[in-house]
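One structure is given below, encoded as structure tokens.
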Amino acid sequence: MTDKTLHIVGGGMAGSEAAWQAANLGINVVLHEMRPKVETFAHQTGNFGEMVCSNSFRSDDDEQNAVGLLHWEMRAAGGLVMASADANKLPAGGALAVDREAFAEHITAKINAHPLISVEFGEVSELPTDGTWLFATGPLTSPALGAAIAAETGTDRLAFFDAIAPIVYADSVNMDIAWLQSRYDKGETEEEQKAYLNCPMTKDQYEAFIDALAAADKTEFHEGETAGYFDGCLPIEVMAERGRETLRFGPMKPVGLTNANDPENKPYAVVQLRRDNKLGTLYNIVGFQTKMKYGAQTEVFKMIPGLEDASFARLGGIHRNTFLNSPTLLDDQMRLKSRPNIRFAGQVTGVEGYVESAAMGLLAGRMAAAELLGRDLPPPPFTTAMGALINHITGGAEAKTFQPMNVNFGLFPPLDGMRGGRKGRKERYKGYTDRAKDDYNQWLDGQI
Ligand SMILES: Cc1cc2nc3c(=O)[nH]c(=O)nc-3n(C[C@H](O)[C@H](O)[C@H](O)COP(=O)(O)OP(=O)(O)OC[C@H]3O[C@@H](n4cnc5c(N)ncnc54)[C@H](O)[C@@H]3O)c2cc1C
């Protein structure tokens, strides 16, 4: 008889949700968790589903917000993380904030009480060759397991830090100021020659920008987080501190570019934005990883000509974060292409945040269970929040520049006939969420 057990490694947001989903489909689950035997620098307890920092699941608005829509989709699928959050919620306006201890205790009690889930405490430090496994070991995957994963994937496909540049919605850039051009018009096709969005700066604008970078509020690294990372991904404000001209000779160099809106005037500096997804709806600001606080980032980046009214799909950051180059390594079932008995889920797959991690756990748990039951479970359509996320990490994102991603409407296929830009936003977001709910319900119904 084939072994129908699913082994899940990591009892965080993703692993707990995956265990719950698979066990509710009748699968025997063994959940392996290294805490409290082996600790991480951020976790404080031995509980499942521990929130390592903020106690917020962000917006709960399922009509106008992509995270709120993800909440809705997880609730519709009987998600443990959402049920535990709802049972332990605190007043927080439109956001879903929870009592973190009660939340994790709730998850722990549910996992321990489930007749089909057993728990084994201890570190897993190899990728097993037999059995069905799901790794949800998170941003702080233990070093020994990280080494085993890197040996399988190649060290260039597993990152230990993220260096996230801010991502802007393409339709919020002012194209009367910005223009499309690759440096020195490089590329064979017109698309390649116009692959970047460029924002020009005069000398005065550049000087004011450097001053603003120096004055902005910054966040500190957590203790134990920094171990030898800095090479090649310095925050822009640190580059600017090294000399006022450093950025102008680095990511903001104005060479090889002619301002299509004002060809006679040579910009003093140029901020470049590179396409971030195949849909062309998102652009990242090249080389602008930063430790500035979120509020400061929005203020400083809106000083860039062309981005005065920009909407950000995500802001920048640098963190300790173990994650795979999923677009090259995982198939659309979140299986490792080179070792299909192994799945990954959660933040280690290159999504970012408690909610996104739990959502990927929910999907991976259901997919693994379906496989063990001899059923086929396609991913949800990419018009849904879960589908948009899995599509992004397993194929939609640019593999070369892949960095962890939050759920956002820039990942959704555009709606025909809807107005772009800020003005039509409310109607457009409602259009996205209505379409998502219909498509998600159909996907769920198809599993019965
Ligand atoms: C310092 C820090 C602060 C963060 N702050 C926020 C925030 O405020 N808001 C937010 O939305 N997201 C935040 N994140 C991201 C957050 O970690 C993830 O969003 C979420 O917890 C990831 O869920 P996960 O299940 O993938 O990983 P985790 O929740 O971290 O779960 C992974 C589990 O795997 C276990 N594990 C690791 N290696 C092994 C092994 N070899 N064998 C057995 N078990 C193992 C770990 O002990 C852990 O329990 C933060 C991350 C860090 C590191």
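These values consider heavy atoms only, across backbone and side chains, with no hydrogens, waters or symmetry-generated copies.
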Verify side-chain contact (heavy atoms from CB on, under 4.5 Å) between Val168 and Val173, making sure each step is shown before the conclusion.
CA-CA 8 Å; Val168 171; Val173 177; 3.8 Å; yes
Before accepting this row, confirm whether a basic side-chain N of the pair [X]/[Y] lies closer than 4.0 Å to the acidic partner's carboxylate O.
X	Y	value
Lys337	Asp332	no
Lys437	Asp62	yes
Lys110	Glu105	no
Arg339	Glu152	yes
Arg100	Glu50	no
Arg35	Glu39	no
Lys89	Asp99	no

Is it the case that over 12 heavy atoms from other parts of the model lie below 6.0 angstrom from the [atom1] atom of [X]?
X	atom1	value
Glu192	CD	yes
Lys400	NZ	no
Asp156	CG	yes

Assess whether side chain to side chain donor-acceptor pair (under 3.5 Å) is satisfied between Gln272 and Asn198, documenting all intermediate values.
CA-CA 5 Å; Gln272 282 207 305; Asn198 302 285; 2.8 Å; yes
Donor-acceptor pair between Thr290 and Gln297 side chains, under 3.5 angstrom
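Their side chains do not contain a donor-acceptor pair, so the 3.5 Å distance test is not met.
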Whether the Ser311 and Arg425 side chains hold a donor-acceptor pair (N or O, under 3.5 Å, no angle test) is what I'd like checked.
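Side-chain D/A pair, Ser311 to Arg425: present.
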Nearest atoms (heavy-atom pairs only) where [X] meets [Y]:
X	Y	result
Leu279	Pro414	CD2-CD, 4.2 Å
Asn325	Ala399	ND2-O, 2.9 Å
Ser182	Tyr196	OG-CD1, 3.7 Å
Ala148	Ser125	CB-O, 3.4 Å

Is there a side-chain contact (heavy atoms from CB on, under 4.5 Å) between Leu330 and Leu324 once you walk through the steps?
CA-CA 9 Å; Leu330 302 185; Leu324 300 165; 4.2 Å; yes
What I'd like to find out is whether the side chain of [X] reaches to under 4.5 Å of the side chain of [Y], using heavy atoms alone.
X	Y	answer
Met386	Met74	yes
Leu116	Val29	no
Arg157	Thr328	yes
Asp276	Glu398	no
Leu80	Ile107	yes
Leu134	His7	no
Asn408	Arg314	no

Check for me whether the distance between the ring centres of Phe301 and Phe288 falls short of 6.0 Å.
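Yes; Phe288 has its ring centre under 6.0 Å from that of Phe301.
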What do the steps show when you test Asp309 against Asn174 for side-chain contact (heavy atoms from CB on, under 4.5 Å), and what is the final call?
CA-CA 8 Å; Asp309 290 321; Asn174 181 353; over 6 Å; no
ring-ring contact (aromatic ring centres under 6.0 Å, His included) contacts in which one or both residues fall within residues 71-107, not counting sequence neighbours
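Sorted result for residues 71-107: Phe57-Phe103.
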Determine whether a donor-acceptor pair (N or O, by modelled atom type, separation under 3.5 Å) exists between the side chain of [X] and the backbone of [Y].
X	Y	result
Asp162	Ile164	no
Thr141	Gly138	yes
Ser326	Thr349	yes
Asn391	Gly387	no
Asn341	Thr132	no
Thr322	Pro139	yes
Tyr283	Arg274	no

Among all residues two or more places apart in sequence or in another chain, which pass the salt bridge (charged side-chain N to carboxylate O under 4.0 Å, His left out) test with Asp217?
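Scan of Asp217 (salt bridge (charged side-chain N to carboxylate O under 4.0 Å, His left out), adjacent residues dropped) gives none.
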Which atom pairs, donor and acceptor, lie under 3.5 Å between side-chain atoms of residues 363-383 and protein residues at least two apart or in another chain?
from, atom 1, to, atom 2, distance (Å)
Arg366, NE, Gln21, OE1, 2.8
Arg366, NH1, Gln447, OE1, 2.8
Arg366, NH2, Gln21, OE1, 3.3
Arg366, NH2, Ala77, O, 3.3
Glu371, OE1, Arg335, NH1, 2.8
Glu371, OE1, Arg343, NH1, 3.4
Glu371, OE1, Arg343, NH2, 3.1
Thr383, OG1, Asp439, OD2, 2.6

Verify side chain to side chain donor-acceptor pair (under 3.5 Å) between Asn112 and Thr108, making sure each step is shown before the conclusion.
CA-CA 6 Å; Asn112 285 335; Thr108 306; 5.8 Å; no
Met405 and Ile167: CA distance, side-chain angles, deciding distance, side-chain contact (heavy atoms from CB on, under 4.5 Å) verdict:
CA-CA 10 Å; Met405 184 55 110; Ile167 294 177; 3.7 Å; yes
Separation between CD of Glu191 and CZ of Arg275, rounded to the nearest 0.5 Å
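Rounded to the nearest 0.5 Å, the CD-CZ separation comes out at 5.0 Å.
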Identify, with sequence neighbours excluded, every residue that meets side chain to side chain contact (heavy atoms under 4.5 Å, CB included) alongside Ser142.
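With neighbours one apart ignored, the set is Met34, Glu123, Leu145.
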How are the rings of Trp20 and His114 set to each other: parallel, tilted or perpendicular (split at 30° and 60°)?
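Ring orientation of Trp20 relative to His114: perpendicular.
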Please determine whether side chain to side chain donor-acceptor pair (under 3.5 Å) holds for the pair Asp185 and Gln181, giving the CA-CA distance in whole Å, both sets of side-chain angles, and the decisive distance to 0.1 Å.
CA-CA 6 Å; Asp185 299 309; Gln181 186 189 6; 3.0 Å; yes
Residues that Phe344 engages under ring-ring contact (aromatic ring centres under 6.0 Å, His included), provided they are two or more places apart:
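Testing Phe344 for ring-ring contact (aromatic ring centres under 6.0 Å, His included), a comparison that skips the adjacent residues, returns Phe135.
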Which residues pass the side-chain hydrogen bond (donor to acceptor under 3.5 Å, both in side chains) test with Lys430, not counting sequence neighbours?
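With sequence neighbours excluded, Lys430 shows a side-chain hydrogen bond (donor to acceptor under 3.5 Å, both in side chains) to Asp434, given in chain and number order.
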